[in-house]
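Read the structure below first, then the notes.
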Amino acid sequence: MYIAYSAIQGQDDLNQQHSNLHHPNHEQLIRYYAYVETCTKYSKEIAAIQKYLPGWTPTFR
């Protein structure tokens, strides 16, 4: 997840986030942003799956 997240962020944003790593919800926030970006990237594939499985969504872990 970190790789997907860091690929969409600028280096300055990434440096600022490294300084905030001690925040307890930081990892979950990174995982959420990576989930959203991944769903956006694969929205066509998700739509194709939903034709056969209405209401299906990728799980957020």
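None of the values given here were measured: they were computed from a predicted structure.
Between the CD atom of Gln50 and the OG atom of Ser43 there is a distance of 10.0 Å, given to the nearest 0.5 Å. The distance from atom OG1 of Thr57 to atom OH of Tyr35, rounded to the nearest 0.5 Å, is 5.0 Å.
The list of ring pair (Phe, Tyr, Trp, His ring centres under 6.0 Å) pairs with a residue in residues 38-59, not counting sequence neighbours, is empty.
The shortest heavy-atom contact between Pro58 and Ile46 is CG-CD1, 3.7 Å.
Scored by the side-chain contact (heavy atoms from CB on, under 4.5 Å) test, Tyr32 finds Val36, Phe60 as partners (sequence neighbours excluded).
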